[in-house]
Structure formats: C-alpha cells, structure tokens
There are 2 protein chains.
Amino acid sequence: MTSQAADGPDTVTATRRSKITPEREREFFDAVLEQVRECGYDSVTMEGVAASTRCSKSTLYRQWKTKPQFVAAALRSARQARFTGIDTGSLADDLRGAARAAGEWSGKDTRLLQALGHAVMQDRELQQALREALVDPEIAALREILRRGVERGEVAADHPALEYVPAQMFGVLRVRPVLEGEYADPEYLVRFVEAAVLPALGLT
Amino acid sequence: MTSQAADGPDTVTATRRSKITPEREREFFDAVLEQVRECGYDSVTMEGVAASTRCSKSTLYRQWKTKPQFVAAALRSARQARFTGIDTGSLADDLRGAARAAGEWSGKDTRLLQALGHAVMQDRELQQALREALVDPEIAALREILRRGVERGEVAADHPALEYVPAQMFGVLRVRPVLEGEYADPEYLVRFVEAAVLPALGLT
DNA sequence: GTGTACCGATACGATTCAGTACCGGTACAC
DNA sequence: GTGTACCGGTACTGAATCGTATCGGTACAC
C-alpha cells in the first residue's frame, strides 16, 4: 500500500498485514514499468503484469485500485535524481557531466516518457507522478548547476540563453530517436553541450 | 483508395468506381487525425471515426483494410512542408522565420507526434508515414536553410553547432509542453533562436 | 494448536472493439 | 428502364481485458 512507508522499520515486517515485501513490490513496479516501455501505456494489462511476476490479478487489485494508480505508484517509486551530486566547480564541466549522466539514462527514461506522453494528458495523478519521477528532479538539478555557475560569475544572471538550457538538453535528448533513429548516448550529448550549449552561454 | 491519385483528372470522377470524393476522404482523414490527437492512437476506434463522419464502418473498411493503414493514409495525406519558401537572404532571418512557422503549427503537430510516438514503434508503415508527414519535410527544409547560409559564407561549413540546429529546434518545440505545460508558440521559439541558436552559430 | 489474514489460481460477467456479413437504398451509365 | 456498384445502417463473431468473486493453501501471531 501507499501507506506502508509510514509504519515500517525493519523487524516490523512481521507486524505488517501484507505479505508483500518491499522487494516483491519492487518486482511489481519494475515489471509494470518495463511493460509500459515495451508496449505503451494503453497496452499494459494487469494480467500481463501478474503473469510476468507470477502473482495473481487479485493481488495487484488488492494493493492498487486501478491501473492508473498502479502505474502512478510505480513511477513514484522510481523517482530518483539522475544527476545530483555533480559539482566540479566549473559550469562547463558540470554541464558536460550532466550531459553524460543524462545520456546514460536516456534509453529507459525516454521510452518511458514516450510511452506515457499521451496517457498523461488524461490522468492527473499519472501526470503528476511522471513529473515527479522523471522531469522535476532533473530540471531542478540542472537549474542548480546553472545557479552555481552564475554565483561564481561564469555567466551573467540575466544571460538570455540561461532559461533555455534545460529545454535544450531534454529536447535534444528526446528528439534524437525521432530524427536519427537511435537514443542519445553520452557522447552525443556531451558533443552537443560543447558545440551548442556552451558557446551560446559564451563559455567557449 | 491509395491508388486514386493515379487515375484522376477532374471530370473522370464520374468514371470512378468509388463514390468517395476527395473532399469526403479529407473529412475521414481529418476526423481520424483529430481523434488521434484527442484520445491517443490506441483509443481511436473505427466506430468513432465512422460516427463522427456519419459514414458506416463498412465504408471505412472498404477503403482501408486495417486501422493502422487507415491512420497511415491519413498521415500521408496530411504531408505538407511547414516552412519551405523561407528565403530572406539572411541565415538569421531564415531561422527566425522557421521558428515562427514551427511555432504556429506546434500545437497540432506536437500532439500528433506525441500521440503516435509509441504506436510507431510497433508498425513500420505507420512509422514511415509519420516521418514522411511530420518529420522529414521539416528537417529537409531546415537543412536547406542552413545550406544556403553556409553557401553565402555566413557560417563555416564545418561549424560544430550546425548539425545540432534541427535537433535543438524540434527538441525545444516538443519538450516545452512537458517542462512548462504549454505549447511552444512562435514568440517562444523566436526568442530561443535569438538567445541560443544564433549565438552558438556565431551570428550575434 | 488454532485463528486470522493474506496469498495465488481460476472462473466469471460485462464491456469494448476489430473486422465481417448482409441489407435495402440510390446515383449514375447506357 | 435496367443494371451495376457503391453507399449507410445494423447485426454479428471473436478476441481482449477490466474488475470481481470464490476457493484452497499457508505463514505468522498468540
């Protein structure tokens, strides 16, 4: 359940009503996200997830009322910052680092975003879960990198290109599959940062 | 039928086996694309399209064998270059013009791309139709703009930022809804070109 | 031990939708 | 007129899939 984080030190697993251990829950979440990436949101079925994790549909429906709620829970559980902790002291190197980190997750995240991109327009909870899981943390980390660069005086606070850096990074990341048929890898993104983003910021 | 372009001067409409006029066909195509934008590819139903155009399912299935083929045909029919004919003699102005043109179509095209983004992975014909309709023409036109700029000597042929211009334009176009919750309008894209693309190309 | 609460399996009803089949009606060719 | 070929409407089959209900089994609490 979504409430189980509230009551759960380790040994208390015994006290838990549910026999679904956190590890088991992870299996469910991994399975459903993988199915979403594979087949698209609409084509994901509870039966499919149940089969692939060898549990019964009943078990899934006991824990989560509906498919959207299930997927949203899975998304929330997958939340993690891809590139926090990047802090080299140089804006250019930080951006290169972010590009590299983004490129490493590119395939999985992009497929997920792609697969959910439209479903999200119809379900508020799903939309928010997606933003919290894949969008907001990255944007925040990126803005933090930029903020530090401004603070160090590497770029003017009102530099017009600043506001577009996140959109550039994620935009290029997401459209490369469409334009070139392959996911943006770290090399591609780093070259992009060096060829376009840094020059635009005046960091040659 | 897909073959009707081959046999059709004007008056020959009489000779046509089909009573589906090109205008009527347009209605079908517009309706199905609108449904795709609205509900997503998977949720589009032949029955829905039939109802919204007041024809019968039979009629649709007589013309197109399956749903993917129907949607692909609709996409192909929607093919049109958004920004050919932009040629001001200045690379910077051409790019501004392209940005403005792209921004004007942004909502419709982005929604379509979003809605089809995943379905396309499972159906080759659909994928190709989508590329031909929404991706390739724009890319080609953009590359042509850049080529002319190079030819005029406004930017070096091997300038590293050149290769990323199309990806940036379409990337920013497509992710703005995700990041900021609204489609990229012409103003946004023109400002982006001026703040980031032109500086990166050394065209202050 | 005994009881409780959850598990997995399976079966079920309801719904939705792709695609087919059949119908009577009608516009146009000749 | 008569025939042909297509139209729109409706009904149908068959396959998924949602979500519910039922059932026997089992791990853990006490």
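Applying the side-chain contact (heavy atoms from CB on, under 4.5 Å) rule to Y183(B) yields the partners M121(A), S106(B), T110(B), R111(B), P177(B); only residues at least two apart in sequence or on another chain are considered. In this view, F70(A) and W64(A) satisfy the ring-ring contact (aromatic ring centres under 6.0 Å, His included) rule, not counting sequence neighbours. In this structure D42(A) satisfies the side-chain contact (heavy atoms from CB on, under 4.5 Å) test together with D42(B), S43(B), sequence neighbours excluded. With sequence neighbours left out, R26(A) forms a salt bridge (charged side-chain N to carboxylate O under 4.0 Å, His left out) with D30(A).
Between the side chains of R37(B) and Q35(B), not a single donor N or O lies within less than 3.5 Å of an accepting N or O. E23(A) and T21(A) share a donor-acceptor pair across their side chains, judged by distance under 3.5 Å alone.
For Q63(B) and dC6(D), the shortest distance from a side-chain N or O to OP1 or OP2 is not below 4.0 Å. Phosphate proximity of dG8(C) to T59(A): present, with a side-chain N or O under 4.0 Å from OP1 or OP2. Residue R24(A) has a polar side-chain atom (N or O) positioned under 4.0 Å from OP1 or OP2 of dG8(C).
Using a 4.0 Å cut-off between charged nitrogen and carboxylate oxygen, E27(A) and R24(A) count as a salt-bridge pair.
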At under 4.0 Å between heavy atoms, which parts of nucleotides 10-23 of chain D does protein reach? Answer with one letter per nucleotide, 5' to 3': B base, S sugar-phosphate only, - none.
B------SBBBB--
Using a 3.5 Å limit on both pairing distances, list the dot-bracket string of DNA chain C from the 5' end; Watson-Crick and G-U wobble pairs count, crossing pairs take [ ], interstrand pairs take |.
||||||||||||||||||||||||||||||
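In this structure, the CD atom of E27(B) is 10 Å from the P atom of dG8(D), given to the nearest Å. One atom, CZ of F28(A), and another, C1' of dC6(C), lie 12 Å apart when rounded to the nearest Å.
In this structure, E38(A) and H118(B) approach most closely via the heavy-atom pair O-CE1, 3.5 Å.
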